[in-house]
> 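Okay, here's the structure, questions in a sec.
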Amino acid sequence: MSSQYDITETLDVKGQSCPMPVVKTKGAVDDLDEGQILEVVATDSGSMSDLAGWAEGTDGVTLLDQVEGDDVYKHYVEKTA
Amino acid sequence: MSTDNEPSAAGTAGSEIDPEEFAALRERVEELEESAAQRAAEDRAGNPREVVETETGEDGKKMTIVSTQGTFDMAYPPLILASTAAAFGWDVVVFHTFWGLDILHEENSQDLKLSAVGNPNMPLPNAIAALPGMDAMATKMMEKKIDENGTATIEELIDLSLESGVDLQACQMTIELMDYDEDDFYDGVTTGVGAATAIQHMAESDVQLLV
């Protein structure tokens, strides 16, 4: 499954559960520059709702897309500020 | 409490509520609701906020959690909520008092126990759960599950919280009460604070929780 986005970094949080996907995403986004895109690969089904909620409630990030694959959930987060 | 439908109920309760005062209050509530709705609409309309950064700004949200329980299971909720709120860029304080202090105690935190007694979700009658060694067994089972599930350990969550800028505070009064030493706690834990410090942060917080 290749992504349509120009990904700068990929964060692998497979096998990790709440709150790790969100907390590590925040850490990884902090290391990006404005306009760069982070791909987050998780196996926690709760990450779908959690990352959406986090992106909604956090300034300077936009959730571009969430893709549910076979036991893998991919999230695309852009740093917008 | 349906004061709307039964005005007579207020009357029989001794007419404590002055109808005029009540009407004024209701008006004020409506005013506030309106201004909140207006502000939300402005936000939706895309009015830029002044602070646009993922770091905590002056306008950022604040949360205070008071952590009072020192059992294995009760160590998790405050640490998970605190580290997650920090990921939202919030300014977070967790004030640990009484048994909650053991979560920050470097040695004791390694040995927190789950109580097998008094937990209706345990597949054991209390009479058996009260036998020696049952708490240790229940804790072992839970630790195994946590490991299998990829859930972080308490120590990992403490490190994570501190790295994310969460202020983990150890109540000074309880430190002395329990005969602990300030050096007993994880590096980065704030000591020398009391209820007034907690209250001060609570008053400024958007979210306050007692766990």
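Basis for what follows: all heavy atoms, side chains included, without hydrogens, waters or symmetry-related copies. A note on names: the letters A, B, ... follow the listed sequences, proteins ahead of strands, and every chain is numbered from 1.
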> State which residues pass side-chain hydrogen bond (donor to acceptor under 3.5 Å, both in side chains) with T71(B); sequence neighbours excluded, sorted by chain then number.
D73(B)
> Take a 6.0 Å sphere around CD of E31(B) and say whether it holds more than 12 heavy atoms from other residues, nucleotides or ligands.
yes
> Write down the atom of T58(A), the atom of A87(B), and the distance for their closest heavy-atom approach.
OG1-O, 4.2 Å
> Would the number of heavy atoms belonging to other residues, nucleotides or ligands and lying under 6.0 Å from CD of E56(A) be above 12?
no
> Taking all heavy atoms of P19(A) and all of T84(B), pick out the closest pair and write down the distance.
CB-OG1, 3.2 Å
> Taking all atoms of both residues into account, what is the closest heavy-atom pair of F88(B) and W54(A), and its distance?
CZ-CA, 3.4 Å
> Could you check whether atom CG of D187(B) has more than 12 heavy atoms from other residues, nucleotides or ligands sitting under 6.0 Å from it?
no
> Check each atom of L160(B) against the heavy atoms of chain A and say whether the ones under 4.5 Å are side chain, backbone, both or neither.
side chain
> Kindly give the heavy-atom pair with the smallest separation between M20(A) and A152(B), and that separation in Å.
CE-CB, 3.4 Å
> Tell me if the CD atom of E148(B) is crowded by more than 12 foreign heavy atoms within 6.0 Å.
yes
> Of all the residues in residues 9-16 of chain A, which have a heavy atom that comes within less than 4.5 Å of a heavy atom in chain B?
G15(A), Q16(A)
> Are there over 12 heavy-atom neighbours, none belonging to F98(B), within less than 6.0 Å of that residue's CZ?
no
> Measure distances from L157(B) to the heavy atoms of chain A and classify the residue's part below 4.5 Å as side chain, backbone, both or neither.
side chain
